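Scroll down for the structure; my scribbles are underneath it.
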Amino acid sequence: MTITLQDVAGILGLPTDNLVVTGSTNKDWLAVCAAVFGAEPLASEFHGSGDLRISFLDRLYTRWTDAEGDHDREIYFTKVHIARMLGCWLLADKSGGINIGCRLLTLLGGGFDEIGRFSCGSAVLAHLFRNMCECTDVGRSDMGDCHILLQIWAWIRFPPIASPLPHHPEPGTHYACRYALLYSIMVANDLCNY
């Protein structure tokens, strides 16, 4: 028993049958950042290995928050948000949300219609499998991937260890949305203690 593309589509609602997420990793990443976000990272926000610090995206958030009504800035702001979602949640690395891989920025190079043409669900599943294999190394103590996918999958597939799934008023809602509803109920009832 393992996580499948059907699980990814059902849990996260990501497309799994479109174009493959692939591409060259030998690019001028500063130019890619300038094209995607309209700004280049500082030297301290970029690593030559192709990693971008989240602090760069945070700086762009604050820079564009006050620019209401400017269409280009709204597009850049949306791309920053999508990059954060991809790099910190769906295709996270083991840096714990400090860095994102610049290779993810090529998904944002075209328009927003272009992003929907990629099989992001397949990329998330492949990334999860790779990280699960790497974390079996005795020397590893961390794992980067979409942890919420793994948690919700285990919750669905192993009911004896999971609390019952709450009823959701909208039929066909993805499990991740139901999980978010359960989490908000648990927080409201002070059932989650960190």
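One-based numbering along the sequence shown. Not measured: the values here are computed from a predicted model.
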**Asked** CG/L104 to CD1/I100 distance, rounded to the nearest 0.5 angstrom?
**Response** 6.0 Å
**Nearest non-hydrogen partners of N18 and P15, listed with the distance** = ND2-CB, 3.5 Å
**Prompt:** Tell me, do L90 and C120 make a side-chain contact under 4.5 Å, heavy atoms counted?
**Reply:** no
**Item:** Heavy-atom donor-acceptor pair, K79 side chain to L108 backbone, under 3.5 Å
**Value:** yes
**Asked** Just checking, is any N or O donor in the side chain of T4 or D7 under 3.5 Å from an acceptor N or O on the other one?
**Response** yes
**L125 CG to H127 NE2 distance, which is reported to the nearest 0.5 Å** = 11.5 Å
**Prompt:** Could you go step by step and tell me if F46 and D51 meet the side-chain contact (heavy atoms from CB on, under 4.5 Å) rule?
**Reply:** CA-CA 6 Å; F46 178 75; D51 284 341; over 6 Å; no
**Message:** So that I can tick it off, tell me whether D58 and R84 are bridged by a salt bridge, with the cut-off set at under 4.0 angstrom between side-chain N and carboxylate O.
**Reply:** yes
**Asked** Could you give the distance from CD (Q151) to CD1 (I11), rounded to the nearest 0.5 Å?
**Response** 11.0 Å
**Request:** Name all residues meeting the ring-ring contact (aromatic ring centres under 6.0 Å, His included) criterion together with F118; count only those two or more places apart in sequence or in a different chain, and write none if there are none.
**Result:** none
**Request:** Would you name the heavy atoms of L57 and V80 that are closest together and state the gap between them?
**Result:** O-CG1, 3.7 Å
**Prompt:** Between CG of L60 and CZ of F77, what distance do you get to the nearest 0.5 Å?
**Reply:** 10.0 Å
**Item:** Shortest non-hydrogen contact between L107 and V21, atoms and distance
**Value:** CD2-CG1, 4.0 Å
**Item:** Euclidean distance, W89 CH2 relative to L149 CG, rounded to 0.5 Å
**Value:** 8.5 Å
**Complete:** When every non-hydrogen atom of L105 is compared with those of C33, the smallest separation belongs to CD1-SG, 3.6 Å
**Asked** Atom CG in L128, atom CD1 in I3: separation rounded to 0.5 Å?
**Response** 4.5 Å
**Prompt:** Cluster question for you: counting only ILVMFWY and a side-chain heavy-atom cut-off of under 4.5 Å, with indirect links fine, are W29 and L42 together?
**Reply:** no
**Request:** Would you name the heavy atoms of R59 and P41 that are closest together and state the gap between them?
**Result:** NH2-CA, 4.0 Å
**Item:** Residues forming a side-chain hydrogen bond (donor to acceptor under 3.5 Å, both in side chains) with S119, sequence neighbours excluded
**Value:** S122
**Asked** For the hydrophobic clusters of this structure (ILVMFWY residues joined by side-chain heavy atoms under 4.5 Å, transitively), does one cluster hold both F158 and V8?
**Response** yes
**Prompt:** Shortest non-hydrogen contact from L150 to M132?
**Reply:** CD1-SD, 4.2 Å
